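Just so you know, ligand 1 is whichever comes first in the structure, and atom 1 is the first atom listed for that ligand. None of the values given here were measured: they were computed from a predicted structure.
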Amino acid sequence: MATETGTAYVTTPIYYVNDKPHLGHVYTTMVADVVSRYHRLRVDDTFFLTGVDEHAAKVSDKAAEHGMSAQEWADNNAKAFREVFKRLEMTNDDFVRTSSERHKAKVTEYVAALKKTGDVYEGEYEGWYDAGQEEYVPENKAKETDYKSPVNGKPLVKKKEKNYFFRLEKYRDELLAFYAARDEAGNSYVQPGARKNEIVNRIKEAQDVPISRTGSGGWGIPVPGDAEQTIYVWIDALFNYLTYVDDDKRRHYWESGATHFIAKDILWFHAAIWPALLMALGKCEGYGWVWKKSVQDNQLVYAHSYWVSDSGEKMSKSLGNFLDPAAIDNTVNEFGLDALRYFLATRGPLGTTDSAFSGELFAEVYNADLANTFGNSCSRVSNMIGKYFSGKMPDKGEYESLPTEFYTPINFHFCDLIETHTERLQEQYSTIMLNLDLLSAANLARSVVESVDAYIDERKPFTLAKEWDKNETEVGVILGTCAEALRIASVLLWPFIPDACETFWERIGCDYTQQMKDNKGLGKLDAWTEWGQLEAGTPIEKGDPLFPRYQTKD
Ligand code: ME8
């Protein structure tokens, strides 16, 4: 059965520009990048969006501290984010800036529409405000944490404001029904599923939320019809997922159901307020598309855990304990971009446990998973093909017609490899990828490489080659099979280590990189994982090691 293909929309949070980017931001964007690359590899028409969130009070405060206008400060830091993402070869299709005219105009339209239906109304609000997070904390939560910020521990401030509200309470039942329907379909809206109960309980008690503030000094989007009020930064920010795809060319991405990657800190906004806003907007004239069935069925929020420092604290800008762009740059210079991408995607806090970033673990994973596995196996096989077959792909034969001794239990590794030509492997990989289990997807691809190594160790082509006249065919079958299996592994590994895979493809005469360029960046996962595409006689280049082994310094 061929894997279903279609359209994909992948997003990251838009990051505050009060300061420079750090590992946390790079992480979420990297994960979203790997997933976007997977979608493109399997021919999905993909849109990957990241960007920055500018209209926060902490941005204008920080700008004032530095004697700059909020816009100048935002411009500088937006540039820093854009540069880091470019340097890390993120494949985002656009970059959100909430100070862009496009975004501001659309948000104004959405809020005006919500005012018209009465889901946004004027009122007064008093509550506990977390200035660092720019959000109100409900009374019961505030009490639990002794009226301190659950994120940075600073005291919460009692604040009273006249402002506009969103009727979240009205959407409680619709939200709960939506959650239940998704659970029933076996496709939880909030993932990992372990995070869901807390949200559902909180929805049951949800009250209307303020969506505007006064005294922003003009930094923000004015509430339509009331220039004294500015749209609260969180509402402004959530709408980015719509504003950048709200046109005839891009709307189908939204309609396919977005995959929103975030960390657990901002889950409430994405898990409750965001779908409720969509439900409300979907009822406004001309906006039925924002909450159509395909969105309700497929949109999801994946909330990962935190990178923490060695002492277990969350890495954050305000705490000043983050791995900054310079440190990230050093890591890339030392190990290569593929290594960083691979490490973040496979050893990061994707599930429900926090991860500590350690240089030691990084080097260990690099050597074990990349240098000693894929890198070494590619060198080993191409070196032997160079030595025994003058650098030409040997004839690996048709596995159906090979001597039966190849099927004995002793040769189980060979059978493993042969199975790689079936659709099973590719299907398994796709299922895992679509479950966003990146470590298992990478492990599955690596298991093919491990089978190659085990097969070589078992059959010992280097020993067989000593009696060349007798064993030439067998050595050819072994090495040809290995080269073919490595080709398939490289296709599956491409979202994680694209640079190395593209180099390898060039060396084995596969024009996949060119094919992707010619096809709007889309690959052909199904076709490329079919067994038997390396033809006998194709030149196989040796080249330098793809991942030179890292020697630990004392
Ligand atoms: O919250 N570990 O922006 P933000 C893992 N503008 N991920 C981390 C992290 C860490 N230690 N620190 C940050 C905002 N992140 C809002 C979002 S979206 C409509 C508006 C990542 O700059 C993670 O993705 O505080 C987290 O959710 C995000 O950065 C918060 O970035």
Number the atoms of ligand 1 from 1 as they appear, then name those within less than 4.0 Å of a heavy atom of [X], with their elements.
| X | answer |
| --- | --- |
| D53 | 6 (N), 16 (C), 20 (C) |
| S305 | 5 (C) |
| I266 | 1 (O), 17 (C), 27 (O) |
| D265 | 26 (C), 27 (O), 30 (C) |
| T28 | 21 (C), 23 (C), 24 (O) |
| P13 | 18 (S), 24 (O), 27 (O) |
| Y15 | 3 (O), 22 (O), 28 (C), 29 (O), 31 (O) |

Report yes if [X] has an N/O atom closer than 3.5 Å to an N/O atom of ligand 1; otherwise report no.
| X | value |
| --- | --- |
| A263 | yes |
| P349 | no |
| W307 | yes |
| N240 | no |

Modelled atom types, side-chain donor and acceptor of [X] and [Y], under 3.5 Å:
| X | Y | result |
| --- | --- | --- |
| S100 | Y244 | yes |
| E54 | Y15 | no |
| W274 | H260 | yes |
| N163 | Y232 | no |

Are [X] and [Y] in a cation-pi contact, defined as NZ or CZ under 6.0 Å from the six-membered ring centre and within 45° of the axis?
| X | Y | value |
| --- | --- | --- |
| K159 | W128 | no |
| R167 | Y121 | yes |
| R446 | F374 | no |

I'd like to know if [X] contacts ligand 1, where contact means a heavy-atom distance under 4.0 Å to any ligand atom.
| X | value |
| --- | --- |
| H304 | yes |
| F261 | no |
| W234 | yes |
| Q133 | no |

Legend entry - Pairwise distance CZ(R172) to CD(E169) - rounded to 0.5 angstrom: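 Interatomic distance, R172 CZ to E169 CD, rounded to 0.5 Å: 4.5 Å.
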Legend entry - Criterion salt bridge (charged side-chain N to carboxylate O under 4.0 Å, His left out) against R40, the qualifying member of D93, D33, D45: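 Only one option passes, and that is D93.
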Legend entry - Where Y306 and D354 come nearest, the two heavy atoms and their spacing: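 So the minimum-distance heavy-atom pair works out to N-OD1, 2.9 Å.
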Inset, instruction - Could you check which of V31, T29, I14 puts a non-hydrogen atom nearest to atom 20 (C) of ligand 1? - result: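 Of the listed residues, I14 has the closest heavy atom.
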